[in-house]
2 protein chains.
Amino acid sequence: MSNHSESEKSLRRLILDSARKVVVEEGYAALTMRRLAKMIGYSATSIYLHFESKDALLHALIEEGMDLLHARLTEAVARAESDADAVRMVCREYVDFGLDNPEYYEVMFMLHPQRMERFPAGKYRRARRNLDVIGQAIRSASGSDGDADGPSLVKASAVWAQLHGAISLVIAQRVDASLDRDEFFNRIIDGTLSGLKLNAEAEAQR
Amino acid sequence: MSNHSESEKSLRRLILDSARKVVVEEGYAALTMRRLAKMIGYSATSIYLHFESKDALLHALIEEGMDLLHARLTEAVARAESDADAVRMVCREYVDFGLDNPEYYEVMFMLHPQRMERFPAGKYRRARRNLDVIGQAIRSASGSDGDADGPSLVKASAVWAQLHGAISLVIAQRVDASLDRDEFFNRIIDGTLSGLKLNAEAEAQR
DNA sequence: GCACTTAGTTAACGCTGTTAAGTATAAGAA
DNA sequence: TTCTTATACTTAACAGCGTTAACTAAGTGC
């Protein structure tokens with residue numbers, strides 16, 4: 001049997017937890033199978049008993065991150081005091097998630113794993129759930145007309161994309177060092193919200 | 001002397017052109033020193049006579065891309081018929097550049113090269129030039145008040161970030177396949193522009 | 001003719017992800 | 001109890017990676 005003396009929980013979990021630790025603390029580049037093996041006290045090939053490839057391991061990590069993000073987004077919606085407020089809250093929370101967990105965020109949204117074309121469908125569903133939280137918040141805030149003003153998938157994707165752009169550039173240290181980040185993100189969120197034209201009085205145009 | 005029979009132009013140029021070809025046609029992952037060497041008919045180590053490292057080669061590629069982008073952005077501004085139009089044109093052009101050259105765009109803005117912290121200052125300057133084109137367009141369109149409504153660096157960065165988010169997600173194939181991309185990008189650009197609140201009466205758009 | 005520079009080479013180091021084959025150990029069947 | 005099979009894991013190796021050290025051949029200046 002296993003009885004590698006230390007394994008109360010499954011090796012799969014041990015691998016995942018160690019991998020997450022490496023990624024979170026030292027970034028994706030530091031994650032190698034041999035190093036991971038040394039950490040968990042098994043040979044590198046043992047990892048392949050639980051994950052088809054390094055990418056598969058990464059995908060599992062992404063799924064965990066998606067769940068974590070989902071929890072934070074839904075909590076943010078729950079905390080909101082109005083439908084309109086919920087959209088702002090969910091945007092703010094998304095940004096904060098990215099800034100709080102840059103390495104996680106990088107793996108989840110910025111990495112370009114080799115085999116991503118043949119990505120397990122389940123992961124897409126998990127990522128989709130997060131987009132749906134945004135979409136639902138927008139729909140609630142838009143009032144009863146529902147999808148009158150264009151399909152909400154486009155709206156939600158646009159909101160997501162705009163927030164993602166700001167987060168990913170900051171994480172990759174591509175923005176000017178002298179940039180005031182609070183002002184930057186406030187502007188991004190305000191701009192994103194104003195692009196939605198939610199409240200009626202702001203609908204002077206269109 | 002060199003006289004590797006084929007070299008009219010310098011080996012440095014040959015390396016750069018071949019590297020760009022690989023990246024553009026098959027993506028960054030396909031670019032390896034040994035493969036590049038085989039392409040140009042020299043040994044892999046010869047590349048190190050002209051570039052300090054693979055990252056340095058990549059940086060040179062990024063600079064070329066930045067110049068190309070700069071040319072397109074300034075041309076777009078020149079084509080515009082009004083200051084307000086110029087902002088929209090430059091946004092459109094930026095998006096088109098990304099969609100026209102996804103592999104190039106990936107190397108330029110989505111990759112996270114190892115040694116990027118110690119990036120040659122010249123590259124930053126080249127990247128900054130492109131941000132300045134956006135910033136200048138915004139400033140011109142904002143009228144004479146100049147920087148009254150917040151520093152233009154934040155404004156330009158925000159515009160850039162929002163466009164970048166949309167482009168990078170599409171390139172990484174992270175957006176829903178059923179998404180109408182034209183509608184998506186139109187919404188991104190409109191949202192970005194409305195976030196600038198340039199002049200209220202001219203915003204009778206869309 | 002000798003030193004020096006230039007442009008290129010080969011061989012190797014220490015990594016990487018991954019696979020094939022082998023080894024104990026436990027469980028189930030005869 | 002013995003035979004068989006499955007489980008959990010290992011070692012050794014493959015092919016490839018970026019990079020370096022050491023070398024060679026050819027041209028240049030004195």
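What's counted below: heavy atoms across the whole structure, side chains too, no hydrogens, waters or symmetry copies.
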Looking at the side chain of A:Tyr48, which of C:dT9, D:dT10, C:dT18 is the nearest nucleotide?
->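 When the side chain of A:Tyr48 is considered, C:dT18 is the closest of C:dT9, D:dT10, C:dT18.
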
Is B:Thr45 side chain donor-acceptor paired with the C:dT10 base, going by distance under 3.5 Å alone?
-> yes

Of the listed nucleotides D:dT10, D:dT19, C:dT19, the one nearest the side chain of B:Met33 =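 The nucleotide sitting nearest to the side chain is D:dT19.
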
B:Gln136 side, atom CD; B:Asp132 side, atom CG - distance, nearest 0.5 Å | 8.5 Å

Euclidean distance, atom CZ of residue B:Arg35 to atom C1' of D:dG18 [Å, nearest integer] = 16 Å

To the nearest Å, give me how far apart NZ (A:Lys38) and C1' (D:dT10) are.
->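 Atom NZ in A:Lys38 sits about 16 Å away from atom C1' in D:dT10.
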
Of all the nucleotides listed (D:dT19, D:dC9, C:dT18), which has the minimum atom distance to the side chain of A:Leu11?
->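 Closest nucleotide to the A:Leu11 side chain: D:dC9.
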
A:Tyr28 OH - C:dT16 P separation (whole Å) | 12 Å

Within the distance-only criterion (no hydrogens, no angle test), does the side chain of B:Lys54 pair as donor or acceptor with the backbone N or O of B:Leu31 below 3.5 angstrom?
-> yes

Closest to side chain of B:His50, choosing from C:dG8, C:dG17, C:dT10 = C:dG8

What class does the angle between the rings of B:Tyr105 and B:Tyr94 fall in, given that below 30° is parallel, 30 to 60° is tilted and above 60° is perpendicular?
->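 Answer is perpendicular, since the angle exceeds 60°.
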
Side-chain-base donor-acceptor pair under 3.5 Å for B:Arg34 and D:dG16 =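 Under the 3.5 Å cut-off, the side chain and the base do not form any donor-acceptor pair.
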
Kindly compute the distance separating CG (B:Leu153) from OG (A:Ser178), expressed to the nearest 0.5 Å.
-> 5.0 Å

Identify whether any heavy atom of A:Ile47 sits under 4.0 Å from a base atom; if not, whether one sits that close to sugar-phosphate; answer base, sugar-phosphate or nothing.
-> nothing

Show the distances under 3.5 angstrom between N or O atoms of the protein and N or O atoms of nucleotides 23-25 of chain D.
none

How long is the line joining OH of A:Tyr42 and C1' of C:dT18, in whole Å?
->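 Checked: the OH to C1' distance equals 21 Å.
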
Expressed in angstrom and rounded to an integer, what is the separation of B:Asp55 atom CG from D:dC17 atom P?
-> 16 Å

Would you check if there is a donor-acceptor pair between the side chains of A:Arg92 and A:Asn186 at a distance under 3.5 Å?
-> yes

NA contact type, B:Leu36, heavy-atom cut-off 4.0 Å: base, sugar-phosphate, or nothing?
->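 Since no nucleic acid heavy atom lies under 4.0 Å of B:Leu36, the category is nothing.
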
Rounding to a whole Å, what distance do you find between B:Arg12:CZ and C:dA7:P?
->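 Interatomic distance, CZ of B:Arg12 to P of C:dA7: 14 Å.
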
Check the distance between C:dG17's P and A:Leu58's CG and give it to me in whole angstrom.
-> 11 Å

A:Thr32 vs A:Glu52, nearer the 5' end of DNA chain C by closest nucleotide = A:Thr32

Starting from P on D:dA8, measure out to CD1 on A:Ile40 and report it in whole angstrom.
-> 14 Å

Inter-residue atom distance B:Phe184.CZ - B:Leu179.CG, 0.5 Å rounding =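 Taking CZ in B:Phe184 and CG in B:Leu179, the distance rounds to 6.0 Å.
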
side-chain hydrogen bond (donor to acceptor under 3.5 Å, both in side chains) assessment of B:Arg72 paired with B:Asn130 = CA-CA 10 Å; B:Arg72 284 185 61 159; B:Asn130 290 317; over 6 Å; no

